[in-house]
Amino acid sequence: MNRRTTLTTALGAAVLLLAGCTGTGGSTRGADAEAPTDPARVSGTITVLTQRTDLVQDGTMDRYAAAFNRTYPKVKVKFQALANYESEVKIRMNTENYGDVLMIPGVIKKSDYPRFFASLGTRAERAKKYRFTDFTTVGGKVYGQSPIGVTPGFVYNKRVWKQAGITRWPATPAEFLTALKAVKQKTGAVPYYTNFAAGWPLTSWTFVNGSVHCDTGATTKLAEGNPWAEGADLRVGDTLLYDIVHRGLAEKDPTTTNWEASKGRLAKGEIATEWLGTWAVIQFRDAAKKAGQNSDDIGFMPFPAQAGGTFCAVVGPDYNQAVNVHSPHKDAARAWIDWFTDKSGYDKDNLAISPLRDAPLPSVLKPYEDAGVKLIELDDTAGAEVKQIDSESEVGINAPDYRQKLVDLARGARGGSLDGFLDDLGEKWTGTAKRVGS
């Protein structure tokens, strides 16, 4: 697994809400993992759970650990890479044995973070240095830290788009559809690739939320209103996806898509566009090199919508690393999280946005800077409520199911209308929101 999964965690599984996940966190509620002051005195063996099976297999994580040991020589770091991270960790968290450092699974209710994770400090203090602290704050304390930030967007082959005669980013969904039509007519490439079979890439469409209207309060609006109301961000995004497929601008048979193969195909110009995120750019550029193509052909563009004549893009955290509240080596675990976030270079290696507030943007976003794209962070105060509504409504805004149904609807594999489909989602959501808020 070599994808970004924070904004793509399988919250559809959240209906369980860790019902069987008792842990024994009651006795350690509120435990802190304080930052070590003397690296020479920190010792112990820690296990770090990760979804990056690719980086464990190719030795990259071991190289990070070797660099870490130059500062913390008495700490031994072991990695456990889990191919089905969410499901496997959820099971392990029925016990106290879920590693010393782990990424917070999307299935866990935010209010339960103190049961399972040690605090990294107060939000007031950490927010001065780090981005994304709201996403793991409970009762004023922060329980996780992402080592990278990401923003969603279209990974595209610039050479193909130029061949189609498109020289500027589309600023509206209508312009985007016109551009894809030109790609189809003039290049022979598949204009847009859904990655339907893999499923998880479809969840990235949720992250148009906030970008369409440049609204930092977009998450709160999910909790308070209908995400598929006329003009709402998710309705705009889902309508564009529907139109792409319905107009024959995607692959002929979505059920046969192949995520890994799509990287090389886009690099070669057989595919023109995929909606993913900044995290994917380096993977597609590597695929271009392996295919003997020009890696500079791999570009990145924002969602086709503007507020006041300006493109906006939401910046959010990847998986947040946390310290197991039961770890016997909390100081060593905390040392790893701090070092990996601040010193490892993991953000640069992945062309990602640094969680450090004073760090420059990655080179992949230089075109965004040049074009004046506004990067915003969403207020996640209502994040826990949104997860609860999503779970109890069984809509699954961060699971692939409903957008797979949307694609099937668009290609005629299921009956119904777009308006009916989206209105039904809205009714389920708002009905659940009323119960949750009562």
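The residues of the chain are indexed from 1 along the displayed sequence. Both backbone and side-chain heavy atoms feed into the values below; hydrogens, waters and symmetry mates do not. In this text, all values refer to a predicted model and were calculated from it rather than measured experimentally.
Y143 OH to Y113 OH: the interatomic distance, rounded to the nearest 0.5 Å, is 11.5 Å. For the atom pair CZ of F68 and OG of S344, the computed distance is 11.0 Å after rounding to the nearest 0.5 Å. If you take CZ on F117 and CG on D112, they are separated by 9.5 Å, rounding to the nearest 0.5 Å. In this structure, the separation between CG on D380 and CZ on F135 is 4.5 Å, given to the nearest 0.5 Å. Taking CG of N69 as the start and OG1 of T71 as the end, the distance is 9.0 Å to the nearest 0.5 Å. To the nearest 0.5 Å, the span separating OG1 on T239 from CD1 on I244 amounts to 11.0 Å.
Within a 6.0 Å radius of NZ in K110, more than 12 heavy atoms belonging to other residues, nucleotides or ligands are found.
Between the side chain of S262 and the backbone N or O of W259 there is at least one donor-acceptor pair closer than 3.5 Å. Using modelled atom types, one side-chain atom of W275 and one backbone atom of S204 make a donor-acceptor pair closer than 3.5 Å. N195 contributes no side-chain N or O that, together with a main-chain N or O of P201, makes up a donor-acceptor pair within less than 3.5 Å. Remark: the backbone N or O of W228 is paired with a side-chain donor or acceptor of R235 at under 3.5 angstrom. Using modelled atom types, one side-chain atom of Y193 and one backbone atom of N258 make a donor-acceptor pair closer than 3.5 Å. Remark: side-chain polar atoms of R357 are paired, donor with acceptor, to backbone N or O of Y130 under 3.5 angstrom. Looking only at distances, a side-chain donor or acceptor of R92 sits under 3.5 Å from a matching main-chain atom of N97. Distance alone, capped at 3.5 Å, is enough to place a donor-acceptor pair between the T273 side chain and the P191 backbone. N324 places a side-chain N or O within 3.5 Å of a backbone atom of G99 that can act as its donor or acceptor partner. Judged by distance alone, the side chain of N84 and the main-chain N or O of S87 form no donor-acceptor pair under 3.5 Å.
V160 places none of its side-chain heavy atoms less than 4.5 Å from the side chain of K162. Contact of the R159 side chain with the Q293 side chain is registered, since non-hydrogen atoms from C-beta on lie closer than 4.5 Å. In this structure, the side chains of Y98 and Q80 stay at 4.5 Å or more apart for every pair of heavy atoms. With contacts defined as side-chain heavy-atom distances shorter than 4.5 Å, the pair L422/L425 qualifies. The shortest side-chain heavy-atom distance between L222 and D390 does not fall under the 4.5 Å cut-off. With a 4.5 Å cut-off on side-chain heavy atoms, F340 and M61 count as touching. With contacts defined as side-chain heavy-atom distances shorter than 4.5 Å, the pair I389/E385 qualifies. Taking 4.5 Å as the limit, every side-chain heavy atom of Q306 sits out of range of all side-chain heavy atoms of T310.
Taking the six-membered ring where tryptophan is involved, the planes of F421 and Y402 are tilted, since the angle between them lies from 30° to 60°. Between Y242 and H246, the ring planes lie parallel to each other; the angle is under 30°, not in the 30° to 60° tilted range.
Within the 6.0 Å centre-distance limit, the rings of F79 and W336 are counted as a close aromatic pair. No close placement of the F303 and F311 rings is indicated, their centers lying 6.0 Å or farther apart. Two rings, from Y156 and F300, have their centers 6.0 Å or more apart.
The two residues V373 and P302 make their nearest non-hydrogen contact at CG2-CG, 4.4 Å. Residue S211 comes nearest to A313 through the heavy atom pair OG-CA, 3.7 Å, listed as atom of the first residue, atom of the second, then distance. I104 approaches A322 most closely through the heavy-atom pair CG1-CB, 3.7 Å. Among all heavy-atom pairs drawn from A197 and T255, the shortest one is CB-O, 3.6 Å. Closest heavy-atom contact between A250 and V245: CB-CG2, 4.2 Å. Closest non-hydrogen pair, C214 versus I376, comes out as C-CD1, 3.9 Å.
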Under the criterion side-chain contact (heavy atoms from CB on, under 4.5 Å), I'd like the reasoning laid out for L177 against Y192: C-alpha separation, chi angles, the key distance, then a yes or no. CA-CA 10 Å; L177 291 167; Y192 181 79; over 6 Å; no
Just do the side-chain contact (heavy atoms from CB on, under 4.5 Å) check on K181 and K184 with the steps written out, would you? CA-CA 5 Å; K181 184 177 179 180; K184 182 176 182 178; 5.7 Å; no
Please walk me through it: do T278 and L351 pass side-chain contact (heavy atoms from CB on, under 4.5 Å)? CA-CA 7 Å; T278 43; L351 300 180; over 6 Å; no
Take T194 and Q404 through the side-chain contact (heavy atoms from CB on, under 4.5 Å) test and state the conclusion after the steps. CA-CA 9 Å; T194 65; Q404 286 181 324; over 6 Å; no
Can you list the steps and then say if K263 with Q283 is a side chain to side chain donor-acceptor pair (under 3.5 Å)? CA-CA 7 Å; K263 300 175 192 177; Q283 296 182 36; 2.8 Å; yes
Run the salt bridge (Lys or Arg N to Asp or Glu O under 4.0 Å) check on D286 and K290 step by step: do they pass? CA-CA 6 Å; D286 286 346; K290 291 177 182 177; over 6 Å; no
Step-by-step side chain to side chain donor-acceptor pair (under 3.5 Å) determination, D349 to Y64: CA-CA 11 Å; D349 294 342; Y64 284 131; 2.6 Å; yes
Please evaluate residues T381 and D379 with respect to the criterion side chain to side chain donor-acceptor pair (under 3.5 Å), reporting the C-alpha separation (whole Å), side-chain torsions for both, the decisive distance (0.1 Å), and the verdict. CA-CA 6 Å; T381 303; D379 178 358; 2.5 Å; yes
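Sorted by first then second residue, the side chain to side chain donor-acceptor pair (under 3.5 Å) pairs that include residues 212-227, not counting sequence neighbours, are H213-D233, D215-K221.
A side-chain contact (heavy atoms from CB on, under 4.5 Å) with L102 is found for one member of V323, V48, V89 and no other, namely V89. Partner of I353 under the side-chain contact (heavy atoms from CB on, under 4.5 Å) criterion, chosen from V364, V150, L365: L365. Remark: of the listed residues R126, R131, Q321, R126 is the sole one forming a side chain to side chain donor-acceptor pair (under 3.5 Å) with Q145.
Salt bridge annotation for E175-R168: present, with a cationic side-chain nitrogen under 4.0 angstrom from a carboxylate oxygen. The existence of a salt bridge linking K129 and D342 is confirmed by a sub-4.0 Å separation between a basic side-chain nitrogen and an acidic carboxylate oxygen. In summary, D401 and K405 do not engage in a salt bridge, as defined by a charged side-chain N under 4.0 Å from a carboxylate O. With respect to the salt-bridge test (charged N to carboxylate O, under 4.0 angstrom), the residues E394 and K428 do not qualify. Salt-bridge formation is not detected for the pair D297/K158: no Lys NZ or Arg NE/NH1/NH2 atom is positioned less than 4.0 Å from an Asp or Glu carboxylate oxygen.
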